[in-house]
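Reading through the C-alpha cells given below for one structure.
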Amino acid sequence: MTFDINVIIGQWPAIVSGAGVTIMIWILGTIAAAIIGFLMAVARQYGGMLVDKALGAIVAVLRGTPFLIQIFLVYYGGPFVGLDLDPLPAGLIGISVYGAAYFSEIFRSGFQAVPKGHIEAGECVGLTRRQIVWRILLPEMTMLVLPPSVNMVVILMKETAVLSIITVPELTATLSAIGSQQYAFVEALSVLALFYWVLVELTGWLGNLAETKLSRFRFFNA
Amino acid sequence: MSIKLFELLLQASIYTVTISVVSILIGFAIAILLSGMLLSGRSLFVRPAQIFISFFRGVPLLVQLLLIYNLLPVIGINVPSVVAAIIGLSLCTAAYQAENLRGGFASVPLGLVESAEMVGLTPRQVFRRIKVPIALRLTFPALVNEAILILKASSLVSVVGIVELTRMAQDLAGSTFLPLQIFASAGLIYLMINWLVALAGGMIENRLPGVPR
C-alpha cells in the first residue's frame, strides 16, 4: 500500500471550495436551526395546548427518524408536492429543520429551568419587566442552554457529511470524487476525517471557553 | 402504495435492527475496555483511550464508514461490506458508551464504597457487587438513548450497499416513483422501532435494582 498524500494536495482548489460549502452549510444551518428552534420553544410555551401538542408531535417525528430519511423525503419527495429544490437548498432546509427540533427542546428546558423565585425576587426589588428579562431571565438561561447548544452545533457539523449523499458539493462529496478519480480513497478520506476532527475539537474547545467566561452568570452549583 | 411495498420495508427493517443490536453489543464490550483504560489512571492506557474516543466522536459516522470500508481492502483484509459496516458502527458507539460508563463509575456514591469496605468486603467484591451494579444502573438510560441513536445512524450503512431499511426505501422509491409514500413509511417504521426501544428501556429500567441518590 502506498499512501501518497500529494495526489490529494494537488487538488487543493476543489478541496477549499468543498470545505467552504461545508462550513457555509454548517453556519447557516445552525443559525437557522437555532432561530426556528427558539421560535418553536416560544410557541410551545405561550401558544396554548393545541400548538404545544402539534409542535411536540413534529419534534418527536424529527427526533425519531434518521436525518438521511428526512433529506430523502425533502429532496426526492419534494418535487411531488411542488417543492423542486436543488441539492444545496434542499440540504440547507433539511439540516435547519432537523436541528430546529433539537434546539427547540434545548430552549424549552432552558425556559422552564430558571427558578421562579429569581423572577419574583427581581419584581420585589422593583425591576421592570424589561430589566427582569435582560438581567435575570436571559443570562441564567444562556448558562443553562450553552452546553447542550454547543453539543448540537457539533452534531450539525458532523451531519453536513450526510448531505453528500444527495450530491451537495460539500467536502465529503468533493473528496470522495477526488478519491475515486485518483484511486486514492484512503488518502482523500483521511484528509476528510482530519478536517472534521480538527473542526469539531475546535468547536468543543471554544464552547468550553465560552462556558468559563460566562460562568459568573451561573446561579446553581453543578 | 400497496401493502406489498410496506412488507418489503418491514423485512428490510429486520436487517436494520440486527445490525444495530450487534453493533451496540460489540460496542458495549469495547466500551468496557475503554472505560477501564480511562479509569486506570495510567497515562499509558488513558491517552490512547482518549484519542480513540476523541476521534470517533469528532469525525462524522459517514466518513468513518467510508474510511473503514475503503481502508480494509487496502491493508489486505477482505470482509463482506456488512462486516465493515458493523465494525464502523461498533467503534463509533463504543466511544460514546465508554464516556457514559466512565461517568457512571465516577458517580457511584463514595459512601457506599466506603461502607462496603468497612464491613470487610474485598476490593474485588466491592467492584463486582457495589460498583458494577450501581454504575450499570446509572448508565442504563444513556444506553437506551445510545441504542436509539445507533438505530437511526444505521441508515448510513446504506451507502456501502447494504440493503437495510433506508437502502430498500431508496430502491423502492426509484422503481415505483412513489418517493413521498415510501420514505414517509420508512420514517414511520424507524419511529415505531425507536418508540418500542424507548418503551422496553423504560420497563427494564423500572425493574433494575434501585440506587440511593
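Only a predicted model underlies this, so the values are computations on that prediction, with no experimental measurement involved.
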d(B:Gln64 CD, A:Tyr196 OH) to nearest 0.5 Å is 12.0 Å

Go through the atoms of A:Ser164 and report whether side chain, backbone, both or neither lie under 4.5 Å from a heavy atom of chain B.
-> side chain

Rounded to the nearest 0.5 angstrom, the CE-OG1 distance for B:Met192 and A:Thr65 is 13.0 Å

How long is the gap from CZ on B:Phe183 to CD1 on A:Ile71, to the nearest 0.5 Å?
-> 11.5 Å

Name the option with the most non-hydrogen atom pairs under 4.5 Å to chain B; the candidates are A:Phe67, A:Phe72, A:Phe195.
-> A:Phe72

Where is the tightest heavy-atom contact between A:Tyr76 and B:Pro179, given as atom of each residue plus distance?
-> O-CG, 3.2 Å

Locate the shortest heavy-atom distance separating A:Glu201 from B:Ser54; write the atom from each residue and the value.
-> OE2-OG, 3.0 Å

Max heavy-atom pairs within cutoff under 4.5 Å with chain A, candidates B:Leu67, B:Ile148, B:Asn194, goes to B:Leu67

Over all atoms of both residues, closest heavy-atom pair of B:Leu191 and A:Ala60 | CD1-O, 3.6 Å

Side chain, backbone, both or neither: which part of A:Ser176 has a non-hydrogen atom closer than 4.5 Å to chain B?
-> side chain

Considering non-hydrogen atoms only, spot the tightest contact between B:Ser158 and A:Leu68 and give its length.
-> OG-CD2, 3.7 Å

Which value, rounded to the nearest 0.5 Å, describes the distance between B:Leu165 atom CG and A:Ile69 atom CD1?
-> 6.0 Å

Which portion of A:Val61 sits near chain B, non-hydrogen atoms under 4.5 angstrom = both

Quick one: pull up OG in B:Ser155 and CD1 in A:Ile165 and give me the separation to the nearest 0.5 Å.
-> 7.5 Å

Scan B:Leu66, B:Leu71, B:Ile68, B:Leu65 and name whichever one has a side-chain contact (heavy atoms from CB on, under 4.5 Å) with A:Leu189.
-> B:Leu66

Quick one: which of B:Ile189, B:Leu149, B:Asn70, B:Leu62 has the most heavy-atom pairs under 4.5 Å with chain A, could you say?
-> B:Asn70

If you take all heavy atoms of A:Val200 and B:Arg57, which pair is closest and at what distance?
-> CG1-O, 4.4 Å

